[in-house]
Amino acid sequence: MTSHDHDHHHHDHDHSELSETQLRVRALETILTEKGYLDPAALDLLIETYETKVGPRNGAHVVARAWSDPAFRARLLEDATPAIGELGYAGRQGEHLVAVENTPRLHNMVVCTLCSCYPWPVLGLPPVWYKSAPYRSKAVKDPRGVLADFGFELPAGTDIRVWDSTAEIRYLVLPMRPAGTEGWSEERLADLVTRDSMIGTGLPKQPHEVA
Amino acid sequence: MDGAHDMGGVAWSGPVRPEPNEPVFHAEWERRAFAITLAMAMPGGWNIDMSRFARENRPAEDYLGMSYYQIWLAGLEQLMLERGLVAADEIEAGKPLHPAKPVARTLSRDAVAAMLHRGGPTEREAKGPARFAVGDRVRTRMIHPPTHTRLPRYVRGHIGTVEMLHGVHVFPDSNSLGQENPQWLYTVTFDGRELWGPDGDASVKTSVDAWESYLEPA
């Protein structure tokens, strides 16, 4: 039991849980900084990195490259870590990457039922729903129900493969390239790739949805 | 351990609720809690499986009642308390009350990019051949260790097929106790009806990544 739990009882009622936690984190940062364990400037850079540099645009770049360069697609499906490394994405929570390809007969979906394992270098930090009990409990047993929660249904005859990332292997879904995008540049194609389409809880945008 | 974190197939939850245009962090404290957790691993010296276990190893009502970064924070506090980096009275008081413990390294701003780029690869050199090959039928062992494990309950005791070999990787169950003991790692795939019975969806296959000692020939 953490001391967090008994903090509640001696605070004013207008103190929200949020502000209480805010104060607690601030105090912890102060303690750790004053003890010489932490450099607050390093914290600022970690935050800035994941808010501005590492996110689903990286994964969209990978997918758009795979859609437009068959040799890259082959390397990606053969061994994703070095292929993705070619585009400059590597490191923490992406040390061992596997790309899994959607086809008209097969739809892939990724979950971590034990915590929230997620390929940070290509997708950034996971959204709240990915870490939530509903997603983690339901994805392996009722993936079609999950897709319904996201507002879509797969065509009849499509099988589903669910990848539960229980080790340090991180999975990236390679969605199908939308029809009507022949001759599009890699940059335009990347605009079609959504975060959810690379987790398998969504599909890429259609050409008419982007300007 | 069979904790509240092991959620696969548990039927307690409602719909998944996506949040349109979700921000990376929802509050300033989440930003700081995230960054402090990453940075403290360096002076703390714990590994990812130790931090996972510190988050799992708490009462279910805590695990289910806290938000994601609150669980991170609670896990971090536990790891620091265990190692004497902070004391409970300091956390209560919100200020340092005792001298700092000498630590080998801290994370400087200049070292952040390299630390993130390096990550923590878990693959190790193979010392012997793999026991199973792609296509082999295997049964996951029925185990309930009180310590950390990465074999989810919903696949235990079920028959699946080896789909991929990933080389030899640090074994989380022992790594959480400070021993890497690397083993062969496999992706094992199960049919929906094998896992969930006749009412399971026959058009669904599910896989986990399983270490060799989780498996026996079927």
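Residue numbers begin at 1 in each chain, while the letters A, B, ... track the order of the sequences.
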Contact part of [X] toward chain A, heavy-atom cut-off under 4.5 Å: side chain, backbone, both or neither?
X        : value
B/Tyr63  : side chain
B/Leu81  : neither
B/Met164 : side chain
B/His5   : both
B/Glu123 : both
B/Arg52  : side chain
B/His117 : both
B/Pro43  : side chain
B/Val24  : side chain
B/Pro172 : neither

Tabulate below the donor-acceptor pairs under 3.5 Å that side-chain atoms of residues 87-97 of chain A make, not counting sequence neighbours, or state none.
{"residue": "A/Tyr89", "atom": "OH", "partner": "A/His61", "partner atom": "ND1", "Å": "2.7"}
{"residue": "A/Gln93", "atom": "OE1", "partner": "A/Arg170", "partner atom": "NE", "Å": "2.8"}
{"residue": "A/Gln93", "atom": "OE1", "partner": "A/Arg170", "partner atom": "NH2", "Å": "3.0"}
{"residue": "A/Glu95", "atom": "OE1", "partner": "A/Gln93", "partner atom": "N", "Å": "3.0"}
{"residue": "A/Glu95", "atom": "OE2", "partner": "A/Gln93", "partner atom": "N", "Å": "3.3"}
{"residue": "A/Glu95", "atom": "OE2", "partner": "B/Gly120", "partner atom": "N", "Å": "2.6"}
{"residue": "A/His96", "atom": "NE2", "partner": "B/Thr122", "partner atom": "N", "Å": "3.0"}
{"residue": "A/His96", "atom": "NE2", "partner": "B/Thr122", "partner atom": "OG1", "Å": "3.4"}

**Asked** Counting a contact as any heavy-atom pair under 4.5 Å apart, which residues of residues 127-135 of chain A contact chain B?
**Response** A/Pro127, A/Val128, A/Trp129, A/Lys131, A/Ala133, A/Pro134, A/Tyr135

**Prompt:** Among side-chain atoms of B/His166 and A/Glu168, is any donor-acceptor pair under 3.5 angstrom?
**Reply:** no

**Prompt:** Will you find, in the side chains of B/Arg58 and B/Gln78, an N or O donor that is under 3.5 Å from an N or O acceptor?
**Reply:**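 A donor-acceptor contact under 3.5 Å links the two side chains.
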
So [Y] and [X], do their side chains get closer than 4.5 Å, heavy atoms only?
X        : Y        : value
A/Thr158 : A/Leu106 : no
A/Phe72  : A/Leu77  : no
A/Cys112 : A/Arg136 : no

Given a strict heavy-atom distance threshold of 4.5 Å, which part of [X] is in contact with chain B: side chain, backbone, both, or neither?
X        : value
A/Leu32  : side chain
A/Arg144 : side chain
A/Val98  : side chain
A/Asp196 : neither
A/Ile169 : both

Charged N to carboxylate O under 4.0 angstrom, [X] versus [Y]?
X        : Y       : result
A/Glu101 : A/Arg73 : yes
B/Arg156 : B/Asp2  : yes
B/Arg32  : A/Asp44 : yes
A/Glu34  : B/Lys95 : no
A/Arg24  : B/Glu77 : yes
B/Glu28  : B/Arg31 : yes

**Prompt:** How are the rings of B/Trp72 and B/Tyr69 set relative to one another: parallel (under 30°), tilted (30 to 60°) or perpendicular (over 60°)?
**Reply:** perpendicular

**Message:** Once you measure the plane-to-plane angle for B/Phe34 and A/Trp120, does it fall in the parallel (<30°), tilted (30-60°) or perpendicular (>60°) bin?
**Reply:**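 Taking A/Trp120 first and then B/Phe34, their aromatic rings sit tilted (interplane angle of 30° to 60°).
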
In terms of heavy-atom pairs under 4.5 Å with chain B, which of [options] leads?
options                               : value
A/Thr113, A/Val25, A/Leu38, A/Leu114  : A/Leu114
A/Thr30, A/Val111, A/Asp39, A/Ile31   : A/Ile31
A/Asp149, A/Leu28, A/Asp159, A/Val146 : A/Asp149

**Request:** Using heavy atoms and a sub-4.5 Å threshold, report which of residues 183-195 of chain B line up against chain A, by residue number.
**Result:**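 Counting heavy atoms that sit under 4.5 Å from chain A, the residues of residues 183-195 of chain B involved are B/Leu185, B/Thr187, B/Thr189.
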
**Those residues of residues 97-109 of chain B, ordered by number, that approach chain A below 4.5 Å (heavy atom to heavy atom)** =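 Within residues 97-109 of chain B, near chain A: B/His98, B/Pro99, B/Ala100, B/Lys101, B/Val103, B/Thr106, B/Leu107, B/Ser108, B/Arg109.
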
Among [options], residue most engaged with chain A (heavy-atom pairs, under 4.5 Å):
options                             : result
B/Asp201, B/Asp6, B/Leu85           : B/Leu85
B/Gly200, B/Gly65, B/Ala111, B/Gly9 : B/Gly9
B/Gly119, B/Pro23, B/Ala33, B/Ala93 : B/Gly119
B/Gly3, B/Ala113, B/Pro152          : B/Pro152

**Item:** Between A/Tyr171 and A/Tyr118, ring centroids under 6.0 Å
**Value:** no

